[in-house]
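So you know, we letter chains A, B, ... as the sequences are listed, proteins then strands, and number each from 1.
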Protein chains: 2
Amino acid sequence: MAPAEGLHAARSRGRNTRQLVHEVLRSRIVGLELAPGSAVSENDLAAELGVSRTPVRESLILLADEGLVDIYPQMGTFISRIRERDVASAQFIREALECAALREAVEKVTARDVAELRALLTAQEEADRHSDMQGFFQLDEDFHARLMAVSGHASAWPVVSQAKAQLDRARRLSLPMTQQMSLLIGQHREVVDLLEEGDLDRADGALRSHLRLVFSDVEKIRAKHPELFSDEDAPLRPRRDSARRTASRGDG
Amino acid sequence: MAPAEGLHAARSRGRNTRQLVHEVLRSRIVGLELAPGSAVSENDLAAELGVSRTPVRESLILLADEGLVDIYPQMGTFISRIRERDVASAQFIREALECAALREAVEKVTARDVAELRALLTAQEEADRHSDMQGFFQLDEDFHARLMAVSGHASAWPVVSQAKAQLDRARRLSLPMTQQMSLLIGQHREVVDLLEEGDLDRADGALRSHLRLVFSDVEKIRAKHPELFSDEDAPLRPRRDSARRTASRGDG
DNA sequence: ACTGACGTACTTGTATGGTAGCCGACCGAC
DNA sequence: GTCGGTCGGCTACCATACAAGTACGTCAGT
């Protein structure tokens, strides 16, 4: 009850309601707080967030453009299930852009860049020690973003980030993440080392295999949580949760 | 006058008003019918297209997300000027994704794929003969899209297309295009030939230099039409065209 | 002539009302 | 028991009304 009442209060800075709602919803979707396949409605969200339908609707349209929700006119809006095709596409985009950036980064990297990347690595180890998955995901995002920035193509990061969102949504479920985290950090460190050495091909290979590992994780998760993935066969019939009001209405 | 009255009539198929308006505006922007730096207003567009502000507004939000318009709250919405940074970023994204796709395409290409690509090449020559720039741009788009599809990553095309839009907007001005077209077609043909031969590295190189040529074109155009580009220095003060009503009101 | 305050007309942002269309449950016919 | 029609409730879509804020033209004061 009375959940996100503080949304309006935080409007102080330049961001308007639409942008705030967009961030909140995106965070909830990527964080799996809103499960793939579940229905969301403009009305319910507007009521919950304490705003009108307009900014909610506009946010949902943007999220649909990002592939995070599917809007079926006159039927409803649903958190998109993870699609085989989208995952493969996202992986391809990530790998192509991040590796291409890394190859350029080798020529431009400075000592300061390496220091900043190393600082992120130690922070990741800290998160690992505290089993802080939420924090680790954020630091992982920061690391890869920083890596692209070294090449001077930071402005291409939003594209990678959008592709990454599709993958991260599944990775959140990787329960033995506590075991994985140190492995991932080790791979990060290897990339930084090779980048500093200027070994272009091996750095590229290290980053590529790191990204592929993430990709294979998703495939494992698919076996464990098939309900989050789309069957590709009958994705055109999203079910509307029928017995919803009956329970809350009680009887008389 | 009575301009785009036929917008509602064409709603027959699944696309709703928002998507139609989005396509119309995007086409006008990329086709330079709406000049970079010029102001557009939700009200004016709605009146012209014969729809309400809502779908127009939602389309503009999407276009802002694509970087084609800049929305300044309470000030106005402006067709975005071409920014040095965005052009470089778009070029990087295109090159990384298209070349990565090509490298995978070499292993998967079929005789049918080559035939379809060759068919597009002959169509491009036809457009060249007729000096049909509009048609050539469309066929160029088709060619690059088809090329990516060969690799099996057709779903990544929208990302490339979005980046490409930033470049094409400038390329439309390249007046000596009639001279360039045969050159570009030749490069296309070289890529297809090398793809068919399976020569991965040379195909990659050919495509890369083709894309770089497009990039250098933009730089030449920048010298000729600086008004379309942003100064990067004072982009924060878009001017509102004051004497607007006076001119259009002028009746007979 | 120049400067500064003010008002008007415009802008986008947000809220709300009404419409077409789809789903799912209910109910009568066979 | 099974099938087909009907009706209620929900949805997103579009239109419209109101609010908050900015820029520019005007005009008084210097």
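For B:Phe78 and C:dT11, the CZ to P distance is 10 Å, given to the nearest whole Å. Taking atom CD1 of A:Ile71 as the reference point, atom P of D:dC14 lies 11 Å away to the nearest angstrom. Spacing between atom CG of A:Asn16 and atom P of C:dA15 amounts to 11 Å, rounded to whole angstrom units. For the pair B:Leu45 CG and D:dA15 P, the computed distance is 14 Å after rounding to whole Å. A:Ile61 places its CD1 atom 9 Å from the C1' atom of D:dC13, with the value rounded to the nearest Å. As rounded to whole Å, 14 Å separates atom P of D:dC14 from atom NE2 of B:His22. Distance A:Met75 CE to C:dG21 C1': 10 Å, rounded to the nearest Å. Here the C1' atom of nucleotide C:dT12 and the CG atom of B:Asp70 are 14 Å apart, to the nearest Å.
Separation of atoms CZ (A:Arg81) and CZ (A:Arg169) is listed at 10.5 Å; rounding is to 0.5 Å.
In this model, the phosphate group of C:dG13 is approached by a side-chain N or O of B:Arg57 to a distance below 4.0 Å at OP1 or OP2. Side-chain nitrogen and oxygen atoms of A:Thr54 include none within less than 4.0 Å of the OP1 or OP2 phosphate oxygen of C:dA15. The phosphate of D:dT16 has neither OP1 nor OP2 within less than 4.0 Å of any side-chain N or O from B:Ser52. Contact annotation: A:Ser41 reaches the phosphate of D:dT11 (side-chain N/O to OP1 or OP2, under 4.0 Å). The shortest distance between the side-chain N/O atoms of A:Arg53 and the OP1/OP2 oxygens of C:dT16 is not below 4.0 Å.
Where B:Pro73 and B:Glu58 each meet DNA chain D at their nearest nucleotide, the meeting point lying more 5' is that of B:Glu58.
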### Task
Please step through side-chain contact (heavy atoms from CB on, under 4.5 Å) for the pair B:Glu58 and B:His22, ending with a clear verdict.
CA-CA 8 Å; B:Glu58 292 168 350; B:His22 180 65; over 6 Å; no
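Between B:Glu23 and the options B:Arg18, B:Arg28, B:Arg15, a salt bridge (Lys or Arg N to Asp or Glu O under 4.0 Å) holds for only B:Arg15.
Contact annotation: side chain of A:Gln74 to base of D:dT11, donor-acceptor pair absent below 3.5 Å.
The side chain of A:Glu42 lies closest to D:dC13, out of C:dT14, D:dC13, C:dT12. Checking C:dT12, C:dA15, D:dT11 against every side-chain atom of A:Val51, the shortest atom distance belongs to C:dA15. Nearest to the side-chain atoms of B:Pro55 among the listed nucleotides D:dA15, D:dT11, C:dT11 stands D:dA15.
When heavy atoms are screened at a 4.0 angstrom cut-off, B:Val56 is found touching no nucleic acid atom at all. Across all strands shown, A:Leu60 has no heavy atoms under 4.0 Å from either base or sugar-phosphate atoms.
Residues A:Glu42 and A:Thr77 have side chains that never bring a donor and an acceptor to within less than 3.5 angstrom of each other.
B:Ala101 approaches B:Met148 most closely through the heavy-atom pair CB-CE, 3.8 Å.
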